[in-house]
Amino acid sequence: MSTSRSVIVCGGGIVGLCTAHYLARDGFDVTVIERNPEGADSCAQGSAGYVSPSHVEPISAPGMVWQGLKWMTSSRSPFYIKPRLDPELMRWGWLFAKSCTPEHRLRAAPVLAQHCLESRKLFVELAAQTGNSFEFEAQGLFNLCKTPEKLAAYEKGLAALANSVGVEAKILTPAQVAALEPGARMDIAGAVYFPIDAHISPRKFIPALVALLKQQGVKFHWATSVYGWRSEGGRVTGVSTSAGELTADEYVLATGSWAPETIRGLGLRLPMQAGKGYSLAIERPRFQLKKPMILSERRVAVTPMGQTLRFGGTMEIAGHVDRVRPERIAQIKAAAQVYFPDMSPTDFDGIQPWFGYRPVSPDGMPYIGRFARQANLTAACGHAMLGVTLAPITGHVVSELLAGKKPSVDLSLTSPDRFA
């Protein structure tokens, strides 16, 4: 049982909402502050919707520095960093390079696997609690490989790493893939199959969660911006917002890629970049899939969501710039045709591209834990491409921390002070 009863959660995206849910469930008096109005879009809503224990390798993998330098020369690349004179980007890049080591990969993999597997269990519970209104589907995930070289690299790399940390990975031939997914003709050399993976429809999950929170008595301040903070003696004593000053016993930072900006008034630094991702949703696709897929060489995700087929991907580090780069959308469309030869450019006619900002830490690990300099401020952000996957476990462990309990998952690599 907690001793601090009131909590303000700054951020009403998927992580903030999940955090509010577990705090309210555990008896806290919870208020959520969200900069957007109720029902507005968020980073998760246009995502691939993966619940993916298979993602055991952090984005700061060995070899990514040289690959990133190569990709920087083309805005069509899967991972594009727009060169610019920005001290925060330069520091992030330096920290990213330091993290791209085999040692970090091996340290991070078991931690990510544990978080992802525990979060998947919580999704199963939430599906049962809400009548599965958000279409949780445990169909597994294919990493489709166009070339034998990529398949061989994955067999020795990602598949071996996943199996070593308890996430089953199988190498499949094209015939075996077709037997498990007969809905579409694929031009591939094979695939890595992760049977434990699942997916949801994020646009249905968010409103289902908001409805659940209202039943739990969570209070909301929609369309409310955070302007500053008041602190005394190493503790936050109030947060200044467009709705006036709000106070609580505990505060949670869950503002995604805007987190560094949110806490600037407290003198805290949280290295993070906004990684823009894009997606296109085909409402009446020419074929129906059962299982989500990743088009490995092109780094494009494909997810069936009801009668919709969503294609998404790319990582664009260019700041919070609200504009669509046509060349990046073109790459998603081209990738679909490379792996699915029955598709044509007309399949995407009239579709409005979506984009959102993933919060990317330099080492590919989320920020979860208390800040040393502000004892009652807890980070719950920086999940990069695992925001949907890790939202429930993040909320669950934040509630444990605020209640003074031992965390149920390993937080040794997630401290928000690790780059301080």
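Position 1 is the first residue of the sequence; numbering continues from there.
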task: Let me know which of Thr19, Asp26, Thr394, Thr378 forms a side-chain hydrogen bond (donor to acceptor under 3.5 Å, both in side chains) with Ser399.
output: Asp26
Could you check whether any side-chain N or O of [X] sits under 3.5 Å from a backbone N or O of [Y], counting only pairs where one atom can act as donor and the other as acceptor?
X      : Y      : value
Arg264 : Gly228 : no
Ser119 : Leu117 : no
Lys276 : Val321 : yes
Asn132 : Ala127 : no
Glu57  : Ala109 : no
Thr308 : Ala281 : no
Ser242 : Ser225 : yes
Asn376 : Asp249 : yes
Thr31  : Ile8   : no

Counting C-beta onward and ignoring hydrogens, is there a side-chain heavy-atom pair between [X] and [Y] closer than 4.5 Å?
X      : Y      : answer
Leu268 : Leu377 : yes
Met305 : Pro202 : yes
Pro392 : Glu125 : no
His199 : Val388 : no
Tyr193 : Gln176 : no
Leu158 : Val192 : no
Thr255 : Val226 : no
Thr247 : Arg230 : yes

task: Output every pair passing salt bridge (Lys or Arg N to Asp or Glu O under 4.0 Å) with a member in residues 143-163, not counting sequence neighbours, ordered by first then second residue.
output: Lys146-Asp187
message: Test: salt bridge (Lys or Arg N to Asp or Glu O under 4.0 Å). Region: residues 127-136. Which pairs qualify, not counting sequence neighbours?
response: Glu135-Lys204
query: Is any side-chain N of the basic residue among Asp197 and Arg120 closer than 4.0 Å to the acidic one's carboxylate O?
result: no
query: So, Glu316 and Lys82, do they make that salt bridge, N to O below 4.0 Å?
result: no
Rounded to the nearest 0.5 Å, what separates atom [atom1] in [X] from atom [atom2] in [Y]?
X      : Y      : atom1 : atom2 : answer
His55  : Thr389 : NE2   : OG1   : 6.5 Å
Ser54  : Phe142 : OG    : CZ    : 12.5 Å
Arg358 : Gln273 : CZ    : CD    : 14.0 Å
Glu34  : Phe220 : CD    : CZ    : 10.0 Å
Leu413 : Ser361 : CG    : OG    : 10.5 Å
Phe205 : Gln45  : CZ    : CD    : 11.0 Å

field: Verdict with reasoning, Cys381 to Val15, per side chain to side chain contact (heavy atoms under 4.5 Å, CB included)
entry: CA-CA 7 Å; Cys381 53; Val15 174; over 6 Å; no
message: Looking at Gln307, I'd like to know if its CD atom is crowded, meaning that more than 12 non-hydrogen atoms belonging to other residues, nucleotides or ligands lie closer than 6.0 Å.
response: no
What heavy-atom pair brings [X] and [Y] nearest, and what distance separates the two atoms?
X      : Y      : answer
Val218 : Ala24  : CG2-CB, 3.7 Å
Gln374 : Val236 : OE1-N, 3.4 Å
Tyr278 : Arg328 : CE1-CD, 3.7 Å
Tyr154 : Ser296 : CE2-OG, 3.3 Å
Phe194 : Ala169 : CE2-CB, 3.5 Å
Tyr251 : Ala248 : OH-N, 2.9 Å

- line: With Thr414 as partner, the option from Val397, Asp363, Ile368, Val409 fulfilling side chain to side chain contact (heavy atoms under 4.5 Å, CB included) is Ile368
Asp417/Arg370 under salt bridge (Lys or Arg N to Asp or Glu O under 4.0 Å): CA gap, chis, key distance, verdict: CA-CA 8 Å; Asp417 296 318; Arg370 292 187 180 277; over 6 Å; no
- prompt: Which is it for Lys406 and Glu400 under the side chain to side chain contact (heavy atoms under 4.5 Å, CB included) test, yes or no, and what are the steps along the way?
  reply: CA-CA 7 Å; Lys406 180 180 178 181; Glu400 291 176 328; over 6 Å; no
Can you tell me if [X] and [Y] form a side-chain donor-acceptor pair at under 3.5 Å?
X      : Y      : value
His21  : Gln216 : yes
Glu118 : Ser408 : no
Arg310 : Thr303 : no
His320 : Ser257 : yes

query: Among pairs that include at least one residue of residues 359-405, which meet ring-ring contact (aromatic ring centres under 6.0 Å, His included), considering only residues two or more places apart or in two chains?
result: Tyr22-His396
query: For the residue pair Trp92 and Phe96, does the interplanar ring angle fall in the parallel (under 30°), tilted (30 to 60°) or perpendicular (over 60°) class?
result: parallel
Verdict with reasoning, Ser60 to His104, per side chain to side chain contact (heavy atoms under 4.5 Å, CB included): CA-CA 8 Å; Ser60 55; His104 175 64; 3.4 Å; yes
message: With side chain to side chain contact (heavy atoms under 4.5 Å, CB included) as the criterion, how do Val300 and Met293 come out once you've worked through the C-alpha distance, each side chain's angles and the decisive distance to 0.1 Å?
response: CA-CA 8 Å; Val300 168; Met293 306 172 177; over 6 Å; no
